[in-house]
Structures are given as C-alpha cells and as structure tokens.
Engineer: 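Structure in structure tokens, see below.
Proteins come first, then strands; the chains are lettered A, B, ... in the order of their sequence lines, and each starts at number 1. Predicted, not measured: the structure shown is a model, and the values here were computed from it.
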Amino acid sequence: MDRNVAGDNVMNRGLSRLRNAGRILHFIPPLALSLIFITFFAILPLLYFLGTGFSEGGFEGIGNVISGPFYRKVILFTVAQAVLSFALTILLSLPMAYLMVKYDFPGKRALLSLTTVPFILPPLVVAVGFYSLFGTKGYVNLFLHEILGLEYSLNLLYTWKAIILAHVFYNFSIALRIIHSRWSQIDEEQILVARSLGAKPRMAFLKITLPQLIPAIASASLLVFIFCFMTFAVVLILGDGVRYITLEVALYRKFFFDFDFSTGSALAAVEVAVVLLGTYLYLRLSSRWGENIIMSVEERRGGRWREAPISHRVLLLAYLVASLFLVVGPLVGVILKSFQSELGAGGYLTLRWYKRILFGGYSSFIGVSPFQTIINSLVFAFLTVLITVPVATASAYALRSLPGRFRAPVELYLMVPLGVSGVVLAISMRVFYLNFYKPLTYSPYIIVLAHSLIAYPLSLRILSTGFASIEKSIVEASRSLGATPFKSFLYVVLPLVKPYIIVSALFSFAISLGDFGATLVLYTPEYTTMPIAIYRFISAGRDFGSSYAFSALLILLGFVCFYAIDRLSKLGRK
Amino acid sequence: MSGEYTEKKSVYVVIAVVIVVLLVGASIYYLHIRGGRKGKPDLVIYAYDSFANYLGKATIHKFEEKYGVNVEVRTYGDAGSVIAQVISEGSSTQADILLGVDNSYLAKVLKADILLPYKPENISVVPDHLIFDKSYHVIPFDYGYIAIVYDSEAIHDPPKSFKNLTEERWRGKLIIENPLSSSTGASFLLWTVAAFGKEGFDDYWRELKPTVHSVHQGWDTAYEAFENGEAPMVVSYALDTAWSVYYYNSTRYRAIIMEEGGYAQIEGLGIVKWSKHVELAKKFIEFALSEDFQVEIALNNWMLPVNPNVEIPQVIREYGVYPEKNLTIPAEDIEENFDAWIETWQEIMS
C-alpha cells in the first residue's frame, strides 16, 4: 500500500511536471509553426536571391546607397512622404471611428465595408479614379469651371499632394478598422463612472478613452507608415517618376531595368532595415503602455443618430462628406466611367462593356474568359486567408507567451516580409524553389503562398494588438481552474481576440484579391486573377471600357465579400 | 442554460468547419483541373506576357508540328521582368530561348552575358539596318516605329516635326514615358538622340520640357492618362491607328512620325547560355525568321516583320504610318552612352 502511495506520488509528480512543462512550453508548437513558415517561404528565398546581389557587389553596395547624395535624397523623400501620409490618414480616420462607435446609423456596416474597397484596387484603377476626381476634366475642375464659373484649375495630379491623398485613399480603412475595433471594446462603464464623478466629456476622453486607444493608434500608424514607405505604384502613377522617387521605385528600376542586382539588393537591405527599425521602436514603445486593460467582449452599442445634438450632426455630417469624397469618390468615378461609351469628353451611357465582359466568353486580351479570373481570384483569396490567419494567430499567441527578452527579436524576424515588396518576394521564391523544390515553382500554390506572406505581417500586427488587450490574469485563472492550455486558448483567448481575427481575415482576403505585383511575376495564363485581367485589358487590348467595367465588378465583389465577412462575425454572438 | 448556449454554439462550429473543409477541397480540385499542363517540354521560351496569348499562340503550334516537339512558353510581366528572371535564375534556369530584348535593353543583356551567339542561316533576308546586334547574340524578329499619337477630336492641325512640337501652343499637351522604366520611353529618348545627335539632344529636351504634360512609368499608364483626356498627345507607336481601325473601327487616335525621320524599336530573341537544347533552340531562331512565324507578327504583335518577303495585311499598309527616312544609332554608341543620356535627361526633367 505504501509502495502504491509512493508510486502514485511519483506518477503525480511526473504528471504535474509534465503539466508544468505544458504550462511553460505550450507556445513551442505555434512558435515553431511561425518560424518554419517565415523561414522556408520568405527568409531563405530572400537570402538566396539578395545574396547573389551581395556576392557580386559585396557590402559596398549598401555603403554607396547610404552615402550617395542621390540615394540620400531618395531616402529622405520616402520617409517624409510616408510621415505626412500616415499622419493625415490617422487624423482623418479617428473622427470616423468616433462616429461609428458613438452612433448607430443606417448603412453603418455597409460604409465600413465600402471604405475597405480601395485597399484592393490595382494601380491602374486608382489612377483612373483620381483622374475622374482631380483630372483636367475631373469633377472638381468641372465644378470649379462650370458651376462656380472660375478660371482657376486644380492641378493636383503629378505632385506630391496627389501621392499623399492616394495613400490616404488606400490606407484609410486599415487605420479605421484597427482603431474602431479597439474603441468599440472600451468599457463604457468606466466612462459613465468618470462622468458621474464629475468629469467633463473631454476629460473623460483624454483620461480614459485615449490611453486605451493609444496601442491601436500606434499599431495603425506603424502599418500605414510602412505601407507608405514601401509605396511604389502610387508614386509612379500620381507622381511623375522623375522628381518624386521612393526607395521602392529606385529598387524596381535597378532590378528590372538596369539588371544591377548588387545595388538593387543593397536598396532592398536598406528597406528591410528601416522597416525593422520602425517595428522595433514601436515594440519598445508599446511595452511601456499598460497592456492589461480589461475590455468588454461585447461590442459597444452606439447611440441613436437622431438623438444627437444638431451642432454635432452638422459637424459630423460635414466631416463624413469630406472624407467620403476622398475615400469613396474615386470608386464612384471608376464606376461612372464603366458606363461611359467614350472616356474623354462626350459619349453616352452604355452597358456594352458589361455585356462584353460578362457574356463575351473567352477574351484574347486576357487569355481566358473574364468569369474564369473571378473564380481564380476568389479561390486564391480564400486559400490565402486559410493559411495566413491560423499562422498569424499562432504567432501572436506564441509571442504573447514568450519570455520578454525573446519577444522582440522573434517578432522582428517574423515581420521581415513587410520590408520586402511583393515583386521581390515573388522573384525570390521562384528562383529559390527552382533550385530546391521544383514542383512548387510553377504550381498555383506558389501564388497562394506569396499572397499569404504579403498578408502575414499585417495580420500579425492586428492580432498582436488583440492579444495584447487580453488581461493575463483571466487566462491564468482559467488555467488554475484546470483548463489545459489548448482548452483555455479555445474557450477564453479565442473569443476575446475574435474581432481581431475577423479584421485580419478580411485584410488577408483583401490583399490576395488586390495583389498585382507578385501575381504578375508568378501567374500563368490559366491562373489569371482579376487585377491582372484589368491590367491586360488595357496593356494588351487598350480596351479601357472593359477594364473599367471589370474594375467596377472588382469593387462590387470586394464590397460584397467584406460585407459578408463583417456580417459573419456577428453570427453566434448573443 | 449555459449548456444550451454551448451546444448551439458547437453546432455552428461544426457547420463552419464542414463548410470550410468542403471549400478547401473544391478549391484544390479547381486549381488542379485548371492546370492542364502538357508533358515535359523539349524547349522552354521565356517571354513578356502578351506573347503567350498572341504571337506565341499563333506560331508555336506550327513549330511543334514541324519538328514533333513540345514547346512551353513562360511569361513574366514585361520585357524587363523576363530578362531579370533569366539573370537571377542563372545556371539553374530552364529557359532555352529569351524573347523580347529590344534596343534599349540590348547593351545590358550583352553585358550580363546570358546569351549564346548564333548567326542564323536565313539572317540574310533581314535588311541590314534592322540587324541591331552585330555579334548575333540577339536576333531581330520584328520592329515598330515610335510615333506621337494625337486625339483628332482635340487637335486639328497636329505638329509635323520635333521643332513644331516645342511651339508654345503645345504647352503641356504631350504625355511621355520614363526612359528609366519603360522601353517605349527609352526608344523615344533614343529617337531624339538619333534626330539631334549626341551633342544636340539635350538642348532639344530643354526646349521640349514645357510641352511635356506628364512623365509616366510605362506605356500603359501613359496611354490611360491620354485616353482619359488628361492631354491630347502621347508617345506611342506608328501602327496605333491601324490597331484601332482593326479592333474598334475608329480613326480618332492618329499616329504621326516626325519629319526629321523615324526611329524603329527592334525586338529580338536569343539562345540562353545555359540551354541544354541548343540545337532545337537554333532551329527555333531560324523558325522565327521564317515566313511561317513572320506572317503572324503584324496582326498579333502589332509590329512589322523583319522578313520583307512577308505580305503585310491591308489594314496595316493603309492605316500605318511610315517614315521617309530611317534614323539609327550604332549599337556601340548606345552601349557606351545610354546611361549618360538617361542621366542627362533626368537632370533636365527634374
């Protein structure tokens, strides 16, 4: 009997040791998954491809890039425009987030979905959206000339102002959604308590709401800054490519026009370094903010729009119109163009472009039928979400559980793909797998993987913001009550980060649906996607009507999908 | 009550999981049946992406039938991306033929040392001024004249010469492409060099600068701005009018070649240095110069065949514009000075 007790004790001790190990090491599998994903699909291919460049030019390339007056100017401009762009984006999205949290009004969900659409538009479509608004014959100038009778013309295009506005157009929804997710979870009771204790609304905002918003604002700022820092197409289409050159533009020319791989690789290294530096600063800063904020799981319900004071309503309405003009205006411009028989002056309204793309069958301009490309795009986007979101969730979970000193280096490592453009990533993957695993090189899954890698850093940031908002004691409580790490993850952690999972799924979907650069390198005709088709209608067919009609379809499809994802997130919620 | 809640929830979860699994299965099956790849290729061609749907589609099957082989065409965006792809793949490349090297890329491709020289037997049919690589690494297969295309509804008396183009009335009317990123833009720059000489082209650009409405990254965005009415003239190609007649039965956009003379953008192909099928690749080069291939060029690539024995379709003879005089720049000159010219251009335009 004694022996039995002793045996039990040994077993118990063994079990509890195992349990303890599980308690400490439960982050190992998700961490391993994340590291394998990034290492094999991004880091090794990049090292292989950029390494060839370095072996040619040594590390002198980087020195030349940093010390040369030309590149110094380029770096300066790149940073300056990125700072202006992100500041304006955040400034414009904050009031919108406020509006959406504070009030329920008809069409609120639809509006949120609509502002996400710009994110998926290929460059040629953004350009035409901006022409229709700010062009020589755009609505703004028409308004100035015809209605106000002025001589003055607004010439925004081909200046840095156009670049900044386009960046706001593109990134508005990232900022809006991240800030909105956080804001709508701030416990209203705290504010009510503060108010009942005599705090003025402004005071309550400054002391209670704002501090809780800061992590979300910082996260959004970082992402928007980096996207603008890495900007390529916008600068080339709405800038002039001569006076305004960003690092990415210079890099693209070095690789694909001069075939100077050593300078190109050096520029890529500088980009990665800046992006990692930005991420590092962000991580350092964010560790100082109180992370343990109790948030309500339930989304806050807004007040009724009609009950708001008149002055509020007028101000908010004016703001709404102004920001929507910028974010939704270009979309409307594209849609209007798709019904025009002639793009310049004159012409009549017509459905013939739609007839051609919907019932025309095989199109020699794109090599398959347009319908086929819609299915391709949806399949790629779906599979991308399926890879990105679980991996990013695993990464965010592992990072949250990692001992502090390991967290930053691992997180930086995982963020590397953010500092690399889609085109460079795609060509690296191609070259790497050609040498090491040929079957992947020409399979459609390489497109899915490329999209997933491009979407991953954004998803990771969004989910990290989510995981950071969970109070550790809640998880610990569930564990001390006997839940295994897996169970506590499933029933405690997951429901808490669900809104962030939805947002990251949505953006992964959007990134895949809208990707142009990487796909152009990797696709074969049978796997043509919608953005490629839009480009091919123009580049091969000069068929602008069909291209814009197809763009309008992409806008509609994006909108429907985003709306559906937003709606789905409400299912099963009490 | 909470039990009921969890049960209801787990039903949702099960349904969701089943749907996702079904969708994944469907997606994988779909991708699988879409990729109807042929057997192992005997020859692989790397080309810019429009080649696959047009010229390639019209010609490759003839070659396959003639020699009983299997040819695969792989495309990578524009000509610059294709060349970058071959360079970066290096000795592990699967490419046997690289197609799409033009005047502006020639020097860089030769410098990168990725092609084998091969002088085809039937090169004799090609007029001498079109043989742009005398070392025969790159063999020309088609060419086209760069032109100014204008909107005839906005302009009634178009400029006739480079000199005209600098007049005050054309201020801000011409959309151009950036020679740093577009081969159309590079060809236009070379055209001005050919017309005004190495010493004079920079002065000309200083005079032309006020005429320039905007500089674009590539031909597609430039043409989009033009088509949207941002400015009434764009740098494009001499067969543009023929093209819009053929596809849209419209002569609204008209091409003009400047009186000083025309400059041809020549496109060529070559055998990749690491090819394991050099003999078949040589046969393909011969084929590219033969009438079987050349006859398809006009209506598929909207360029002119280098083989003068091929009949040109009527729409192209009638609506295409042709120069009275051919301007050329020796290849060595381009090789030596191209970077410096671009730098000069950049200084003037910024």
Side-chain angles (χ1 to χ4, degrees), chain A residues 49 52 123-124 127-128 131-132 135-137 157-158 236-237 240-243 249 252-253 255-259 261 337 343-346 364-367 375-376 379 382-383 386 427 430-431 434-435 442-445 520-521 524-527 535-536 538-544 571-572 574, chain B residues 5 8-9 12 20 23-24 27 30-31 34-37 49-50 52-54 57 74-78 80-81 83-85 87-90 92-94 108-109 111-112 151 153-154 178 180-181 214-221 223-225 227-231 243-244 247 339 346 349-350:
Chain A
F49 177 67
T52 343
L124 282 166
V128 76
Y131 292 150
S132 67
T136 354
K137 291 172 184 156
L157 298 177
Y158 315 113
L236 288 174
I237 289 176
D240 66 358
V242 187
R243 278 170 303 166
V249 171
Y252 188 82
R253 283 178 189 163
F255 273 122
F256 298 100
F257 205 70
D258 288 345
F259 314 119
F261 285 26
K337 290 249 176 191
L343 293 176
S364 66
F365 295 148
I366 51 179
I375 304 290
N376 286 343
V379 166
F382 171 69
L383 293 177
L386 230 55
I427 200 168
R430 259 256 148 101
V431 174
L434 189 65
N435 282 286
Y442 297 105
S443 91
Y445 300 108
L520 191 64
V521 174
T524 47
E526 64 267 28
Y527 299 120
Y535 161 75
R536 302 238 0 116
I538 290 177
S539 73
R542 297 183 201 183
D543 186 351
F544 288 87
L571 272 183
K574 274 248 159 172
Chain B
Y5 179 69
K8 208 170 167 192
K9 215 165 183 185
Y12 275 126
V20 168
L23 278 176
V24 171
S27 303
Y30 171 81
L31 291 178
R34 291 291 294 144
R37 207 167 277 290
D49 71 353
S50 62
N53 297 344
Y54 292 95
K57 202 168 191 172
R74 285 184 193 146
T75 57
Y76 301 88
D78 62 4
S81 312
I83 299 166
Q85 187 73 32
I87 297 177
S88 60
E89 288 179 1
S92 62
T93 189
Q94 295 186 310
K108 292 170 208 156
V109 168
K111 202 177 138 212
D151 179 356
E153 281 179 19
N178 195 328
L180 273 159
S181 53
S214 53
V215 182
H216 286 256
Q217 122 98 345
W219 174 88
D220 46 354
T221 53
Y223 208 87
E224 181 175 51
E227 182 105 15
N228 275 282
E230 289 300 307
W243 196 93
S244 31
Y247 275 105
D339 286 347
Q346 215 174 350
M349 296 307 288
S350 62

Engineer: Give, as side chain, backbone, both or neither, the part of A/Leu124 having an atom under 4.5 angstrom from any heavy atom of chain B.
Structural biologist: both

Engineer: Please state whether the side chain, the backbone, both or neither of B/Asp151 comes within less than 4.5 Å of a heavy atom of chain A.
Structural biologist: neither

Engineer: Can you say whether A/Arg536 sits under 4.5 Å from chain B via the side chain, the backbone, both, or neither, judging by heavy atoms?
Structural biologist: side chain

Engineer: Is the closest side-chain heavy-atom distance between B/Asp78 and A/Leu520 below 4.5 Å?
Structural biologist: no

Engineer: Under 4.5 Å heavy-atom distance to chain A, tell me which part of B/Thr93 shows up: side chain, backbone, both or neither.
Structural biologist: backbone

Engineer: If I measure from the heavy atoms of chain A, does B/Ala225 come under 4.5 Å with its side chain, its backbone, both, or neither?
Structural biologist: both

Engineer: Identify which part of A/Leu434 has an atom lying under 4.5 Å from any heavy atom of chain B, answering side chain, backbone, both or neither.
Structural biologist: side chain

Engineer: Does B/Lys111 make a cation-pi contact with A/Phe259, if we ask for NZ or CZ under 6.0 Å from the ring centre and within 45° of the axis?
Structural biologist: no

Engineer: Side chain to side chain contact (heavy atoms under 4.5 Å, CB included), that's the test. Do A/Tyr131 and B/Glu227 meet it? Break it down for me.
Structural biologist: CA-CA 11 Å; A/Tyr131 292 150; B/Glu227 182 105 15; over 6 Å; no

Engineer: Quiz question: by atom type and distance under 3.5 Å, do the side chains of A/Asn376 and B/Tyr30 form a donor-acceptor pair?
Structural biologist: yes

Engineer: Between B/Asp220 and A/Ser539, does any side-chain donor sit less than 3.5 Å from a side-chain acceptor?
Structural biologist: no

Engineer: How would you list, by chain and number, every residue that makes a ring-ring contact (aromatic ring centres under 6.0 Å, His included) with A/Phe49, sequence neighbours excluded?
Structural biologist: A/Phe255, A/Phe261

Engineer: Please flag which part of A/Leu386 lies under 4.5 Å from any non-hydrogen atom of chain B: side chain, backbone, both or neither.
Structural biologist: side chain

Engineer: Are a donor atom and an acceptor atom from the side chains of B/Asn228 and A/Lys137 found within less than 3.5 Å of each other?
Structural biologist: no

Engineer: Could you check whether A/Arg542 makes a cation-pi contact with B/Tyr223, meaning its NZ or CZ is under 6.0 Å from the centre of the six-membered ring and within 45° of the ring axis?
Structural biologist: yes

